[in-house]
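Every heavy atom of this structure was used, including side-chain atoms; hydrogens, water molecules and symmetry mates were not. Throughout, protein chains are lettered first and strands after them, A, B, ... in sequence-line order, and every chain is numbered starting at 1.
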Protein chains: 2
Amino acid sequence: MSIRVAIVEDDKRISAALARLVHEAGGFRCAGTYASAETALWGIPKEPPDAVLMDINLPGMSGVDCVQRLKEILPKLEIVMLTVYEDGDQIFSALQAGASGYLLKRTPPNEILKALDDVMQGGAPMSSYIARKVVQSFQKEGPSPKESENLSKREREVLAYVAQGYLNKEIADTLAVSVETIRSQLKSIYDKLHVRSRTAAAFKYFQK
Amino acid sequence: MSIRVAIVEDDKRISAALARLVHEAGGFRCAGTYASAETALWGIPKEPPDAVLMDINLPGMSGVDCVQRLKEILPKLEIVMLTVYEDGDQIFSALQAGASGYLLKRTPPNEILKALDDVMQGGAPMSSYIARKVVQSFQKEGPSPKESENLSKREREVLAYVAQGYLNKEIADTLAVSVETIRSQLKSIYDKLHVRSRTAAAFKYFQK
DNA sequence: CCTTCGCTCCCCCGAACGGGGGATTGCTTG
DNA sequence: CAAGCAATCCCCCGTTCGGGGGAGCGAAGG
């Protein structure tokens, strides 16, 4: 008995590629493709599949909200999120909403099939980067309850310049150190704040 | 009679390069090099040169403050700022402090010499980018007294996503448009806010 | 009717950024 | 004293940005 997989993805090319992937693989059947959360909510309950590949990034209702609703209606439905985002908050809200897996879109096709198998067997397939984030989140809430805000004096200084729009080179000049130093310190800042860009770091730290 | 030029620049390599440039050019004499605003304020008044090439980016006291003090003591001194910054505010505070010229550090050597000649003849040498900024500032205070805050609805929307650290690609996805559209809109935003990076734009608009 | 402006999309290209390593020097702290 | 940690610096490499063009379209206003 093959696994019925529904696809919720607004990008037609990606959606078609996923449908083909599922269709041509042994042991899977494509049980519908939807280009929005709304249509998915309308169509999926009518013919419940076993699993859903869900884009997190949909026009209108978000994938996360869609997961929430679907799980209310079909608690046994296994949902694997597909996304380009690597932001911690999105990962957690998706998982809290009821998703069981979380893959980055750049995940190779065969890995996606493996993830579908995995999720049907009670697993929680995640890209390695995502997995690390999840682990980190538990490390956070356990031993060190505050951790994220303890930037060092120097790091705060650097971030302050970043917030004003300075280039790494310019910060390096004014602080009389090498650009590489600024770069490493930024890496450390991104780590601590769980972001991946200067702009996000600046706003997260100086509470927009 | 050659033009005596003092150099205030903390980067030894640049300072040396400028000194050599002035020294080897006909009609100029290097009248001292200083690595900080403080030493310049101490040394320059003792043997006043005709002109000063001043880095805006100095450890300790800023080049702008240094200009202010120097002009108080030596009103006839001609000062040309050298900087990597292209930020409007810095340009204006330097000019208000008494600088007569404002060049970007990437200005070719012969242009720098031309600028020194120019400034001694009562000119106001500026890199073309700087000149445009200055012109724009007058255009600002004239016809359109509000100028900077009129971002369109769409532009504000884009900037909001930028502030959260999203990539152009991600913003394009959520707004269901092309990355190129986001890029053009960002260009337009940078223009209106007089900045040159997403981080600076976000902070300037959402008043840090 | 024609111009302006917002919004959309495209190309080229060089600079800046961010992730992945790794390394050294001091200071603190168990 | 060894371990940790902040701070400094280095390389490689792929991605993202930002500036410079240009272009089409529809709505609003002269």
| Salt bridge present between B:Asp191 and B:Lys187 (N-O < 4.0 angstrom) |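 Not counted as a salt bridge, because no side-chain N and carboxylate O are separated by less than 4.0 Å.
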| Between B:Lys192 and B:Glu155, is there a salt bridge with N-O shorter than 4.0 Å? |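 Judged by the 4.0 Å cut-off on N to carboxylate O distance, B:Glu155 and B:Lys192 do form a salt bridge.
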Mind calculating the distance between [atom1] ([X]) and [atom2] ([N]) to the nearest angstrom?
| X | N | atom1 | atom2 | result |
| --- | --- | --- | --- | --- |
| A:Arg196 | C:dG19 | CZ | P | 5 Å |
| B:Glu170 | D:dT16 | CD | P | 9 Å |
| A:Ile182 | C:dA16 | CD1 | P | 15 Å |
| A:Tyr166 | D:dG18 | OH | C1' | 19 Å |
| B:Tyr161 | D:dC17 | OH | C1' | 20 Å |
| B:Leu186 | C:dG6 | CG | C1' | 15 Å |
| B:Asp173 | C:dC9 | CG | P | 12 Å |
| A:Asp191 | C:dG18 | CG | C1' | 12 Å |

Considering all heavy atoms of both residues, which atom of [X] and which atom of [Y] are nearest to each other, and what is their separation?
| X | Y | result |
| --- | --- | --- |
| A:Leu193 | A:Tyr205 | CD1-CB, 4.0 Å |
| B:Leu58 | B:Ser62 | CD1-C, 4.5 Å |
| B:Val67 | B:Ala99 | CG1-N, 3.6 Å |

| said: If you apply the rule side-chain contact (heavy atoms from CB on, under 4.5 Å), what do you find for A:Val8 with A:Ile44, and how did you get there? | reply: CA-CA 10 Å; A:Val8 186; A:Ile44 288 182; 4.2 Å; yes
Please write out the pairs of protein N or O atoms and N or O atoms of nucleotides 26-30 of chain D separated by less than 3.5 Å, giving the distance to one decimal.
none

Roughly how far, to the nearest 0.5 Å, is [atom2] of [Y] from [atom1] of [X]?
| X | Y | atom1 | atom2 | result |
| --- | --- | --- | --- | --- |
| A:Ile189 | A:Arg154 | CD1 | CZ | 11.0 Å |
| B:Leu103 | B:Ile56 | CG | CD1 | 11.5 Å |
| A:Tyr34 | A:Asp10 | OH | CG | 15.5 Å |

| query | Does OP1 or OP2 of C:dG18 have a side-chain N or O of A:Tyr190 closer than 4.0 Å? | reply |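 Checking C:dG18 against A:Tyr190, a side-chain N or O does come within under 4.0 Å of OP1 or OP2.
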| Is there a side-chain polar atom (N or O) of A:Asn168 under 4.0 Å from OP1 or OP2 of C:dC17? |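 True: A:Asn168 side-chain N/O within range (under 4.0 Å) of C:dC17 OP1/OP2.
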| request: Sugar-phosphate atoms are those with a prime plus P, OP1 and OP2; base atoms are the rest. Using that split, label each nucleotide of nucleotides 5-10 of chain D B, S or - for protein heavy atoms under 4.0 Å, 5' to 3'. | output: --SSBB
